[in-house]
Amino acid sequence: MSNINYKRLLNVYLSFLLTTSTILALYSVFFPNAIFLFFQQTYIEVLGMTATGGNGHLNLLTYPLSLYLMNTFACFQYLRTQKIFYVNFVSILWSIVLMSRIISLLIIGNVIIDLYFFFGILTEFIIAPSLVFFRNKLINES
């Protein structure tokens with residue numbers, strides 16, 4: 001196992017996160033009412049969000065887009081510079097998302113097993129720990 005190139009694996013992983021967050025950002029800004037990938041629902045329907053009147057439609061764009069853009073920036077910057085700072089940043093970002101998800105599950109507790117569960121909620125439980133794992137491996141290698 002010591003021959004594994006964790007830096008290369010991290011680059012591939014962050015390239016995947018960069019691509020995913022870019023696609024999500026594009027959908028949230030330009031195609032919120034279009035069929036979202038293979039879900040057979042619109043972007044807004046997949047997220048289970050609706051405009052509630054007033055400024056509700058702004059929330060549909062602002063909060064998910066903030067996450068997507070911060071993730072995109074950090075992944076792109078790490079891939080460009082190879083500086084651990086950006087891995088730290090994206091690790092903290094996704095750890096906060098994971099903590100928020102856990103809190104919401106504890107408070108709401110009503111989870112529906114659907115496509116969004118597998119491609120949204122479940123992935124949040126994978127991203128943060130895997131980023132922390134790669135971060136620790138990079139620190140140990142240096």
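This one's a predicted model, so the numbers in the text were calculated from it and none came from an experiment.
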Please check if the number of heavy atoms outside [X] that lie under 6.0 Å from its [atom1] is greater than 12.
X: F125; atom1: CZ; value: yes
X: F38; atom1: CZ; value: yes
X: F39; atom1: CZ; value: yes
X: F76; atom1: CZ; value: no

Group every Ile, Leu, Val, Met, Phe, Trp and Tyr by side-chain heavy-atom contacts under 4.5 Å, then state whether [X] and [Y] land in the same group.
X: L26; Y: L37; result: yes
X: L115; Y: I23; result: yes
X: V132; Y: M70; result: no
X: L79; Y: L17; result: yes
X: I139; Y: F85; result: yes

Quick one, [X] and [Y] - any side-chain contact, counting heavy atoms below 4.5 Å?
X: Y6; Y: E141; value: yes
X: F134; Y: L9; value: yes
X: V111; Y: F117; value: yes

Return the minimal non-hydrogen interatomic distance between [X] and [Y], and the atom names on each side.
X: Y13; Y: I126; answer: OH-O, 4.2 Å
X: Y78; Y: K83; answer: CD1-O, 3.1 Å
X: L98; Y: A128; answer: CD2-CB, 4.1 Å
X: W94; Y: L131; answer: CD1-CD1, 3.7 Å
X: L24; Y: Y43; answer: O-CE1, 4.3 Å
X: R135; Y: I84; answer: O-CD1, 4.2 Å

Can you confirm if the aromatic rings of F89 and F73 lie within a centre distance of less than 6.0 Å?
no

From [X] [atom1] over to [Y] [atom2], what is the distance, rounded to the nearest 0.5 angstrom?
X: I35; Y: Y27; atom1: CD1; atom2: OH; answer: 8.5 Å
X: L14; Y: C75; atom1: CG; atom2: SG; answer: 4.5 Å
X: S104; Y: E124; atom1: OG; atom2: CD; answer: 8.0 Å

Kindly indicate, with the supporting measurements, whether the criterion side-chain hydrogen bond (donor to acceptor under 3.5 Å, both in side chains) is fulfilled by S28 and Y68.
CA-CA 9 Å; S28 69; Y68 306 151; 5.9 Å; no

Any residue meeting side chain to side chain donor-acceptor pair (under 3.5 Å) with [X], in chain and number order, not counting sequence neighbours:
X: S91; value: none
X: N11; value: Q82
X: T20; value: none

Assess the residue pair R101 and I121 against the criterion (side-chain contact (heavy atoms from CB on, under 4.5 Å)); give the C-alpha distance rounded to whole Å, side-chain angles, the decisive distance to 0.1 Å, and a yes or no.
CA-CA 8 Å; R101 177 62 72 187; I121 296 171; 3.7 Å; yes

Check whether N71 reaches the backbone of L67 with its side chain - one donor and one acceptor, N or O, closer than 3.5 Å.
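Checked: no pair found.
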
